[in-house]
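Have a look at the structure below before the remarks.
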Amino acid sequence: MEAKKIRSTFIEFFQSKQHQYVPSSPIVVKNDPTLMFTNAGMNQFKDAFLGNEIAKYSRVANSQKCLRVSGKHNDLEEVGVDTYHHTMFEMLGNWSFGDYFKKEAIEWAWELLTEVYQLPKDRLYVSVFQGDEGDKLEKDVEAAELWSKIVPEDRIILGSKKDNFWEMGDTGPCGPCSEIHVDLRSEAEIAQVPGRDLVNNDHPQVIEIWNLVFMQFNRLADGSLKELPAKHVDTGMGFERLVRAIQFKSSNYDTDLFTPFLDAIAKKSGKTYGLDEQTDIAFRVIVDHIRAISFTIADGQIPSNNKAGYVIRRILRRAVRYGYTFLGLQQPFLFELAPLIATYFGDIFPEVRQQQEFIAKVIMEEEASFLRTLDHGLKMLESIKSELNSKNEKVITGKTAFELYDTFGFPLDLTSLIARENGFSVDEKGFAEEMEKQKTRSRAASEQETGDWVLVNEDTGVEFIGYDFTEAYSHIIKHRTITDKKGDRYQLVLDRTPFYAESGGQAGDTGWLISDSEKIRVIDTKKENDLIVHFVEKLPAHPEVRFSSEVDREKRQLTMNNHSATHLLQSALKEVLGDHIQQRGSLVNENLLRFDFSHFGKMSEDEIAKVEEIVNAKVRENIELQEQRNVPIEEAKKMGATALFGEKYGDFVRVITFQKDFSVELCGGTHVPFTSQIGLFKITSEGSISAGVRRIEAITAKAAANYLREQENLVKEIQDLLKNPKDVKKAIESLLQERNDLRKEIETLHLEKASGVKNELLKQFIEKDGINTLIAQVELPNAESLKKLAYELKNEVANAFVILAAKIEDKPQVAVILEDALVVSKGLNAGQIVRELAKEIQGGGGGQPFFATAGGKDLAGLEKVVAKAKEMFL
RNA sequence: GGGGGAUUAGCUCAGUUGGCUAGAGCACUACGCUGGCAGUGUAGGGGUCAUCGGUUCGAAUCCGAUAUUCUCCA
């Protein structure tokens with residue numbers, strides 16, 4: 001059975017059991033400070049399990065894109081070494097929210113695996129929670145009994161809390177789980193060691209494929225367990241492993257999920273997969289990583305130098321590194337795999353097909369940039385090698401290797417490899433020590449302590465009323481304190497709030513919380529999952545009373561102008577540049593708007609002007625805002641509403657329309673009632689932020705008017721300075737031309753003057769012992785001309801020895817120059833001489849043996865310098 | 001958020017402990033030669049050494065701040 005068919009069969013199977021199919025949520029997580037990437041199928045249902053939200057469907061099934069780059073086996077550096085762990089993988093899952101429980105979950109799982117997929121029953125093992133004394137938990141008898149009806153006893157294994165009890169976090173929903181393992185070894189191997197001995201033993205051929213979690217408890221803060229009123233089922237099956245089991249391969253990479261990619265790499269590199277362990281690892285690393293990279297870019301995460309973007313960059317670079325070192329791929333090659341991703345995953349995950357070209361472009365640029373980094377590092381390594389050679393040393397210190405890695409991004413494994421090839425070694429222990437130091441430093445800097453929420457009023461849920469009101473009466477539900485190096489910060493949650501929390505690029509509201517006795521400043525408002533968190537300057541002394549919450553209206557108003565303008569801008573860009581324009585990011589606050597979008601190439605001045613004009617025309621048209629809340633997502637899409645890749649939308653969305661054939665967007669932000677309120681729209685900059693992504697910054701309303709006035713004033717001031725010429729540009733051009741001409745003229749004059757001085761000086765040379773000596777006092781405009789004069793005298797007179805005492809801008813300076821040959825033959829040293837003479841002007845100096853200069857403080861000393869020099873050398 | 005680098009000609013970069021008239025290669029201009037594969041010879045133009053401040057007789061070079069950018073860690 002083909003992988004595609006296996007996936008669709010899973011979904012159809014659960015649909016036949018009344019499950020609702022929901023699409024995968026984005027692989028990149030937003031609005032959750034604790035998580036960067038989706039790492040399990042249940043992520044998008046977290047709120048349902050926590051009870052923050054009522055599940056829309058009681059039965060759900062899907063295939064979720066996941067990314068794991070840390071953990072026991074999924075440590076990035078481990079992926080590819082074995083044949084069954086991945087960075088990006090798909091998790092098939094079925095869920096019950098307070099609906100069916102263990103019986104159905106177990107029976108359906110067994111039915112699907114053995115009857116639909118036809119996996120041999122004698123290759124499957126199941127595990128059941130054995131109980132835990134510490135938690136006073138009994139064995140999961142219910143699950144054990146259900147299994148024993150369909151599976152022989154000797155294939156049921158009891159597991160400890162570590163393997164068979166699942167918890168979401170330190171607190172929250174949890175429960176026992178049952179895992180299904182499959183034995184994929186050959187008959188001969190099975191005859192030697194029974195499969196049940198290898199379950200949960202890290203055997204590469206005896207692997208877990210499905211985990212059924214039965215959530216029946218809630219873990220409280222004190223560590224105790226409480227039975228949940230509504231019980232849930234959460235299952236997760238690794239798709240790649242399932243495909244491998246059904247296709248009966250010894251490696252995930254031998255399934256049709258990966259073979260097309262392996263073939264493409266083989267063709268590109270001329271190497272064959274399956275011949276050599278080292279190149280095989282490189283093959284696996286590349287075909288694994290290209291998936292992770294493509295999917296995250298499709299969901300809007302571009303490689304960058306911090307956070308999630310940095311993770312992607314590291315994954316991409318690891319793939320490039322393996323290709324570079326073991327497959328001889330020294331030109332960008334990963335990007336050529338993007339079309340294959342589109343072919344093989346475009347049906348289930350349309351975003352990778354729609355953005356195929358963009359993904360390839362981003363990858364290619366990133367590859368090219370890393371190859372440049374490598375090149376740079378190779379050069380540095382070259383010079384390190386020659387330095388070691390000159391000192392006759394054979395070890396590259398940990399510090400040096402770490403510097404290469406830390407500062408220049410040159411990977412340790414490459415340093416080691418090249419070192420070995422050249423008969424050097426690397427002190428890897430020293431490297432690890434340096435790395436540890438770096439980690440400790442970072443940790444210390446980012447240490448923060450998040451206090452527990454303190455409940456002050458009954459938790460009745462949070463109501464956001466900011467679309468309709470900017471002030472309200474509110475009660476504080478809970479508050480907490482966050483402590484880090486910079487001190488304490490305070491957060492609180494209100495039962496009803498007009499404060500808009502930062503999201504969709506729109507900055508969070510600021511304002512005040514006012515009670516009879518207190519007035520508290522709200523500095524910022526942010527979302528944490530679906531919770532609206534207010535950041536306040538201090539905690540109220542009486543948090544339980546009623547507060548009047550007031551949003552800073554002017555700031556909100558200015559922000560709204562910019563947000564609505566952003567919508568108009570997006571539509572205008574599409575009109576001018578084409579339909580390929582996709583939002584890649586946006587920032588809207590009271591000062592400006594910033595809009596990042598996919599577009600290849602710089603916008604011309606004309607295009608920018610056109611876009612500005614369209615937006616301003618729409619502003620003048622005074623279009624009325626059409627705001628629709630709770631529109632079913634399908635209907636919104638039919639309306640042609642613009643949605644974002646990588647954004648998680650619920651089933652009901654808010655649609656913001658400014659003229660239904662111009663701008664229709666899914667948006668949670670606040671907007672102006674009529675576009676004329678925006679006043680004026682002005683683009684202030686257009687530039688690139690990464691491959692294929694452009695950024696526009698713009699301002700509106702008063703800020704735009706001020707900006708234009710400033711520009712106008714500037715031109716006026718320039719005109720004034722130039723005495724109001726007809727054509728300012730021409731006036732400046734001729735001014736610049738004139739300046740350049742004058743500059744050259746001055747230079748020539750200086751030269752002429754200097755040559756006059758020079759001619760005079762040439763007459764004053766005195767010959768003694770075959771040396772032509774000149775000792776003189778001169779006056780020159782700058783140090784440069786003194787140097788020049790000295791060199792010229794030396795060049796024009798054979799065996800010259802020149803000492804010049806110069807007055808330069810009212811400061812004394814001495815220059816000594818002599819024919820190179822005299823340094824050796826007569827033992828003369830300009831540096832020494834100039835130092836000796838400089839004593840007379842209270843200064844010091846130095847230089848090379850044949851030319852040296854000195855400066856000082858005592859102008860009157862110049863005559864003494866001349867006298868002293870004559871005494872010494874004549 | 002923290003650490004470490006970088007910023008020198010249009011581009012890619014040298015520039016050893018402060019003093020080598022700030023250099024190379026490519027690109028550019030002019031002239032000459034030339035039947036290709038980066039054609040070649042000669043001459044030439046082009047630099048506020050990121051910005052601001054400090055130390056010094058003297059700073060591309062040392063110190064501090066700012067900006068931009070790369071990189072590693074969290």
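Order of the sequence lines sets the chain letters (A, B, ...), proteins ahead of strands, with each chain counted from 1.
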What is the distance from NZ of A:Lys379 to P of B:rG25, rounded to the nearest Å?
15 Å
For B:rC62, the Watson-Crick or wobble counterpart (both distances under 3.5 Å)
B:rG54
Interatomic distance where CG belongs to A:Leu412 and P belongs to B:rC73 [whole Å]:
12 Å
Span that lies between the C1' atom of B:rG23 and that of B:rU16, in whole angstrom:
15 Å
C1' atom, B:rC11 versus B:rA38: distance in rounded Å?
16 Å
Minimum-distance nucleotide to A:Thr407 side chain [options: B:rG4, B:rC20, B:rC73]
B:rG4
From the options B:rC72, B:rG19, B:rU71, select the nucleotide whose nearest atom is closest to the side chain of A:Asp406.
B:rC72
Quick check on RNA chain B: between A:Ser304 and A:Thr853, whose nearest nucleotide comes earlier from the 5' end?
A:Thr853
Within-4.5 Å side-chain heavy-atom neighbours: A:Thr87 and A:Leu67:
yes
What interatomic distance, in whole Å, is found between C1' of B:rA27 and the corresponding atom of B:rG44?
14 Å
A:Arg441, nearest nucleotide to its side chain (from B:rG1, B:rU71, B:rG3)
B:rG3
Taking the C1' atom of each, how far is B:rA67 from B:rU51, in whole Å?
7 Å
Nearest-Å distance for atom pair OH/P, residues A:Tyr310 and B:rC70:
13 Å
Full working for side-chain contact (heavy atoms from CB on, under 4.5 Å) between A:Ile833 and A:Phe801
CA-CA 11 Å; A:Ile833 297 166; A:Phe801 174 35; 3.8 Å; yes
Please report the distance separating the C1' of B:rG45 from the corresponding atom of B:rU29, rounded so that it comes out in whole Å.
7 Å
Quick one, A:Ile315 with A:Val69, criterion side-chain contact (heavy atoms from CB on, under 4.5 Å). Give me CA distance, side-chain angles, the key distance, then yes/no.
CA-CA 9 Å; A:Ile315 296 175; A:Val69 284; 3.7 Å; yes
Using purine N1 to pyrimidine N3 plus N6-O4 or O6-N4 for Watson-Crick, or N1-O2 and O6-N3 for G-U wobble, each under 3.5 Å, what pairs with B:rC28?
B:rG44
Looking at every heavy atom in both A:Glu434 and A:Gly398, which two are closest together, and how far apart are they?
CG-O, 4.3 Å
Looking at B:rU71, I'd like to know if its phosphate oxygens (OP1 or OP2) sit under 4.0 Å from a side-chain N or O belonging to A:Arg317.
yes
Interatomic distance, CD@A:Glu77 vs CG@A:Asp413, rounded to 0.5 Å, equals 7.0 Å
Just N and O in the side chain of A:Lys399: are any of them under 4.0 Å from OP1 or OP2 of B:rG4?
no
Expressed in angstrom and rounded to an integer, what is the separation of A:Phe851 atom CZ from B:rG19 atom C1'?
8 Å
Interatomic distance at C1', B:rC62 relative to B:rU68, whole Å
23 Å
Identity of whatever pairs with B:rU7 - Watson-Crick or G-U, under 3.5 angstrom:
B:rA67
If B:rC13 has a Watson-Crick or G-U wobble mate with both distances under 3.5 Å, name it; if not, just say none.
B:rG23
Along RNA chain B (nearest heavy atom to each residue), the more 5'-positioned of A:Leu404 and A:Gly845:
A:Gly845
Gap between atoms CZ and P, on A:Arg489 and B:rG1 respectively (whole Å)
11 Å
Return the nucleotide paired to B:rG35: Watson-Crick means purine N1 to pyrimidine N3 with N6-O4 or O6-N4, wobble means G-U with N1-O2 and O6-N3, both under 3.5 Å.
none
Looking at A:Tyr405, does any N or O in its side chain come under 4.0 Å of the phosphate oxygens OP1/OP2 on B:rG4?
no
Nearest-Å distance, CG (A:Asp375) to P (B:rA6)?
19 Å
Under 3.5 Å, is there any donor-acceptor pair linking the side chain of A:Gln813 to the base of B:rC57?
no
Of the candidate nucleotides B:rA74, B:rG3, B:rA22, which contains the atom at the shortest distance from the side chain of A:Lys307?
B:rA74
Out of B:rU71, B:rC13, B:rC73, whichever nucleotide has its closest atom nearest the side chain of A:Arg313:
B:rU71
Whole-Å C1' distance, B:rG10 and B:rC73:
37 Å
Given atom CD of A:Glu403 and atom P of B:rG5, what is their separation to the nearest angstrom?
7 Å
Applying a 4.0 Å non-hydrogen cut-off, can you work out what A:Lys437 is touching in the nucleic acid: base, sugar-phosphate, or nothing?
nothing
Taking atom P in both B:rA6 and B:rC63, what distance in whole Å separates the two?
10 Å
If we call it a pair only when both distances are under 3.5 Å in a Watson-Crick or G-U wobble match, what pairs with B:rG18?
none
Neighbour count above 12 (heavy atom, 6.0 Å) for A:Lys394 NZ:
yes
Give a yes/no on whether any side-chain N or O of A:Lys439 is located under 4.0 angstrom from OP1 or OP2 of B:rG3.
no
Classify the nucleic acid contact of A:Gly855 as base, sugar-phosphate or nothing, counting any heavy atom under 4.0 Å across all strands shown.
base
Matching residue for A:Gln301 among A:Ile312, A:Val362, A:Val29 - test: side chain to side chain contact (heavy atoms under 4.5 Å, CB included)
A:Ile312
Would you say A:Glu502 and A:Lys527 make side-chain contact, with heavy atoms under 4.5 Å?
no
Over all strands shown, is A:Arg314 touching base, sugar-phosphate only, or nothing at heavy-atom distances under 4.0 angstrom?
sugar-phosphate
Against the side chain of A:Ser369, the closest entry in B:rU71, B:rC57, B:rC20 is B:rU71
